[in-house]
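This report concerns only the one structure given below.
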Amino acid sequence: MDAFIRFTNQTQGRDRLFRATQYSCMLLRYLLEPKADKEKVVMKLKKLESSVSTGRKWFRLGNVVHAIQATQQSIHATDPVPRLCLTLASLNRVIYFICDTILFVRSIGLASGINKEKWRTWAARHYYYSVLLSLVRDLYEISLQMEQVAHDRAKREKSPSREPLGYSVADEETEWLQSFLLLLFRSLKKHPPLLLDTVKNICDILNPLDQLGICKSNPGIIGLGGLVSSIAGIITVAYPQMKLKTH
């Protein structure tokens, strides 16, 4: 109970819970819409989704400051690849939050002259860049982990393996794929925060891909991706040791 109270006392924790609720409503609405006797439930889910989305905008008002702080921290990373990726990702996130704030100001009627579609496109574009750069960083970290696992395995092997008789090109390609997948599995199993961050970013990128028309999807896939991403975010907030560290 104490851990739950600490979690909900954090702005990020409340935002993750609201986000999980929002995308759960989207996913349920998509699943129930084809059923003729579920119109009232669908309407209630739609209203709840809209209300939760509005509530999340209040939580995000101060996120520009957090994104600026993240930019300052990423500049000091020792490895140049994560430093570049995370710095650019944080800068794009700053621009995204600025666009999001402007859209929120328009939605509550304080500035009706704002071009909603233009700012929404800018927000989606910079959010897409931010998540894409974070994914590049994840892939780089995965390659380092795979290299380390491969090195450790090579050290443990006492004698070189011999090729079996009748070895064909097809056998070689199949073995290479199996070795690669096994190496990837062991690398991610050894580093759970990296697995969690990668899954989260893959799920996060679905929404901007759809909004920008790069890869159109449906509310069901976006809702499921958003829900999985939110659960991953909840885990990193509740258990800080599961958050991918910057070296």
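Atoms considered below: every heavy atom in the structure, side chains included; atoms not considered: hydrogens, waters and symmetry mates. Note that the numbering runs from 1 along the sequence shown for the chain.
Evaluation of the side-chain contact (heavy atoms from CB on, under 4.5 Å) rule for Glu117 yields Asn115, Arg120 as partners, not counting sequence neighbours. Partners of Leu27 under the side-chain contact (heavy atoms from CB on, under 4.5 Å) rule, at least two apart in sequence or in another chain, are Leu31, Leu224, Leu227. Applying the side chain to side chain donor-acceptor pair (under 3.5 Å) test to His126 and every residue at least two apart in sequence or in another chain returns Asn92. Taking the side chain to side chain donor-acceptor pair (under 3.5 Å) definition, one finds that Ser134 meets it with nothing, sequence neighbours left out. Residues satisfying the side-chain contact (heavy atoms from CB on, under 4.5 Å) criterion with Arg83, sequence neighbours excluded, are Ala77, Pro80, Thr87. Annotation: salt bridge (Lys or Arg N to Asp or Glu O under 4.0 Å) contacts of Lys190 (sequence neighbours excluded): Asp152.
The pair Asp204-Lys200 meets the salt-bridge criterion, with a side-chain N (NZ, NE, NH1 or NH2) lying under 4.0 Å from an Asp/Glu carboxylate O.
Val81 belongs to a hydrophobic cluster whose remaining members, ordered by chain and number, are Tyr140, Leu144; membership requires side-chain heavy atoms of ILVMFWY residues under 4.5 Å apart, directly or through intermediates. Through chains of ILVMFWY side-chain contacts below 4.5 Å, Leu28 is grouped with Leu32, Val41, Val42, Leu45.
Residues in residues 40-52 take part in these side-chain hydrogen bond (donor to acceptor under 3.5 Å, both in side chains) pairs, two or more places apart or across chains: Arg29-Glu49. Within the structure, side-chain hydrogen bond (donor to acceptor under 3.5 Å, both in side chains) contacts touching residues 101-111 (residues at least two apart or in different chains) do not occur.
In terms of modelled atom types and a separation under 3.5 Å, the side chain of Thr198 and the main chain of Leu194 share a donor-acceptor contact.
Residues Arg56 and Arg19 are in side-chain contact: their nearest non-hydrogen atoms beyond the backbone lie under 4.5 Å apart. At least one side-chain heavy atom of Pro82 sits under 4.5 Å from a side-chain heavy atom of Glu141.
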Donor-acceptor contacts, no H, no angles, side chain residues 210-220, under 3.5 Å, sequence neighbours left out:
residue : atom : partner : partner atom : Å
Asp210  : OD1  : Ser217  : N            : 2.8
Lys216  : NZ   : Asp210  : O            : 3.2
Asn218  : OD1  : Gly220  : N            : 2.9
Asn218  : OD1  : Ile221  : N            : 2.9

For a quick test of your reading: what N or O donor-acceptor pairs under 3.5 Å do the side chains of residues 231-240 make, sequence neighbours left out?
residue : atom : partner : partner atom : Å
Thr236  : OG1  : Gly233  : O            : 2.7

